[in-house]
Amino acid sequence: MNKAKQLAGVCLLTLLPTLSAQSQQAQRPDGWYHVREGRADSLDAAPFITLEDIAALELDTDAYGKHVITGKVREDKRKHWTDETAKAIGRRIAFVWQDSVLTAPRVNARIESGHFQISSRNDRELPTVYRLMMEAKGPNETDMHREDSLCRVHSQKLWDEARQYKASITDTTFLDTRGSMSLKAIDAWSGDGFNENYAFNQTVYLAALERAQKRLCVADGRLEPTFCSAEDLYISQGLYDFIMETLTQWNRMLESGDWEIVEQEGVYAVMPKKK
């Protein structure tokens with residue numbers, strides 16, 4: 001996968017700088033933590049969801065074939081997960097494994113489904129991490145693991161279909177999602193259950209985003225579009241509005257001083273500054 005395609009996927013799951021999981025206490029429990037920006041130790045003292053609170057984990061791939069770990073919390077923890085992600089809207093949460101932060105996405109909306117995804121720039125390490133997590137959870141997860149394996153087979157079929165469609169896209173292919181474009185449209189699970197269109201919608205969204213990124217310019221330290229309408233990009237109005245909201249968010253991140261503009265092969269995006 002080339003770097004231009006990597007940049008096109010930045011917004012699907014916004015990753016921020018690697019955080020330190022070290023503190024004065026002993027090794028932190030594995031799980032999801034709130035990130036408190038501006039503090040010397042930026043993670044809460046305790047996770048709001050532990051590894052034991054997670055019902056199932058699966059090793060999967062994303063739209064670009066990179067390894068990800070998907071999971072869902074136990075049913076009795078689902079409301080707690082929903083409430084805690086609602087508190088974190090506009091901020092980050094971090095998944096800690098063996099005292100290291102694997103991922104720290106910014107939460108854009110409350111997550112009612114109880115599902116999550118762990119990604120990493122070092123995605124080749126995730127199969128090993130996944131195996132160790134499953135060993136740590138023990139044999140009691142076998143039935144749930146088998147159930148999720150069936151879902152994985154179905155998910156793989158959806159991705160195969162999405163990749164076939166991706167191969168047919170040209171610069172003038174009109175792009176539109178199945179259903180209204182939103183965060184739920186590209187999430188495998190929503191409050192309504194499994195989203196049969198998530199793989200197709202992710203593929204379409206990333207293709208549309210890459211078109212927009214190729215037509216950005218830098219002005220006064222901001223990213224500005226050189227296009228004026230959805231018609232200019234051959235995309236639906238819903239995709240256009242969503243991408244323009246993404247661009248607004250990127251410029252706010254640039255204003256914070258923690259992010260910088262990067263360009264690779266004619267594609268502009270924002271990435272965290274190296275510290």
Side-chain angles (χ1 to χ4, degrees), residues 1-15 59-68 70 105 108 115 117 119-121 123-124 126 151-190 194-218 223-250 261-271:
M1 177 178 60
N2 62 39
K3 292 184 179 180
K5 290 183 177 180
Q6 290 178 353
L7 294 181
V10 166
C11 190
L12 191 59
L13 178 60
T14 305
L15 296 180
L59 184 65
D60 206 342
T61 55
D62 63 12
Y64 292 117
K66 296 184 68 175
H67 292 298
V68 295
T70 60
N108 296 309
H115 288 77
Q117 178 175 288
S119 62
S120 173
R121 292 177 182 175
D123 75 296
R124 293 180 181 178
L126 290 184
C151 292
R152 185 183 179 190
V153 170
H154 182 54
S155 180
Q156 186 60 51
K157 180 181 178 182
L158 295 177
W159 275 116
D160 289 343
E161 294 172 351
R163 291 186 182 110
Q164 286 180 6
Y165 176 73
K166 179 182 177 181
S168 72
I169 295 175
T170 68
D171 290 342
T172 57
T173 300
F174 180 76
L175 299 176
D176 192 10
T177 53
R178 294 171 180 168
S180 300
M181 180 58 195
S182 65
L183 289 172
K184 285 187 176 181
I186 55 179
D187 191 357
W189 295 87
S190 67
F194 185 72
N195 176 10
E196 294 279 346
N197 295 317
Y198 87 98
F200 177 86
N201 287 342
Q202 281 191 26
T203 299
V204 168
Y205 164 63
L206 289 175
L209 179 62
E210 186 172 359
R211 281 185 189 175
Q213 287 174 290
K214 289 179 178 178
R215 297 185 61 179
L216 297 177
C217 66
V218 180
L223 287 172
E224 300 293 346
T226 62
F227 50 85
C228 300
S229 66
E231 288 78 9
D232 288 344
L233 298 175
Y234 301 102
I235 64 176
S236 68
Q237 189 63 44
L239 273 169
Y240 180 83
D241 292 342
F242 192 87
I243 289 171
M244 292 304 292
E245 289 177 7
T246 298
L247 184 57
T248 298
Q249 181 183 0
W250 283 359
I261 297 170
V262 294
E263 183 271 334
Q264 186 72 38
E265 298 179 16
V267 174
Y268 283 99
V270 296
M271 297 289 282

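Looking at heavy atoms from C-beta onward, Met244 lies in side-chain contact with Pro225 at the 4.5 angstrom threshold. Using a 4.5 Å heavy-atom threshold, the side chains of Leu216 and Leu247 count as touching. Leu223 places a side-chain heavy atom less than 4.5 Å from the side chain of Val218.
Atom CZ of Arg211 sits about 4.0 Å away from atom CG of Leu175, to the nearest 0.5 Å. Atom CD1 of Ile186 and atom CZ of Phe242 lie 5.0 Å apart (nearest 0.5 Å). Between the CE atom of Met271 and the CD1 atom of Ile261 there is a distance of 13.5 Å, given to the nearest 0.5 Å. Summarising the geometry, atom CG belonging to Leu206 is positioned 7.5 Å from atom NZ belonging to Lys166; distances are rounded to the nearest 0.5 Å. Taken from OG1 in Thr170 to OH in Tyr234, the straight-line distance is 9.5 Å, to the nearest 0.5 Å. Here the straight-line distance linking atom CD of Glu196 with atom NZ of Lys157 works out to 9.5 Å at 0.5 Å rounding.
Between Ala185 and Ser180, the shortest heavy-atom distance links the atoms CB-O, 3.4 Å. Closest heavy-atom contact between Ala162 and Thr203: CB-OG1, 3.5 Å. Nearest heavy-atom pair across His67 and Arg124 is CD2-CA, 4.4 Å. Of all heavy-atom pairs spanning Asn108 and Leu183, the tightest one is CB-CD1, 3.3 Å. Of all heavy-atom pairs spanning Leu126 and Ser120, the tightest one is CD1-N, 4.1 Å. Scanning all heavy atoms of the two residues, the minimum distance from Trp159 to Thr61 falls at NE1-O, 3.8 Å.
Of the possible donor and acceptor atoms, one in the side chain of Asn195 sits under 3.5 Å from a partner among the backbone N and O of Asp187. Between the Asn201 side chain and the Arg178 main chain, a donor and an acceptor come within less than 3.5 Å of each other. With Gln213 contributing its side chain and Tyr268 its backbone, the two residues share a donor-acceptor pair below 3.5 Å. Judged purely by atom type and a 3.5 angstrom limit, Asn197 has no side-chain atom pairing as donor or acceptor with the backbone of Thr177.
Applying the side chain to side chain contact (heavy atoms under 4.5 Å, CB included) criterion to Gln237, with sequence neighbours excluded, gives Ala230, Tyr240, Asp241. With sequence neighbours excluded, the residues satisfying ring-ring contact (aromatic ring centres under 6.0 Å, His included) with Tyr165 are Phe200.
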- Task: Test side chain to side chain contact (heavy atoms under 4.5 Å, CB included) on Leu239 and Leu233 and set out the steps.
- Result: CA-CA 10 Å; Leu239 273 169; Leu233 298 175; over 6 Å; no
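For Phe227, the CZ atom is densely surrounded, since the number of other residues' heavy atoms within 6.0 Å is greater than 12. Counting heavy-atom neighbours within 6.0 Å of Asp160 CG, excluding the residue itself, gives a total above 12.
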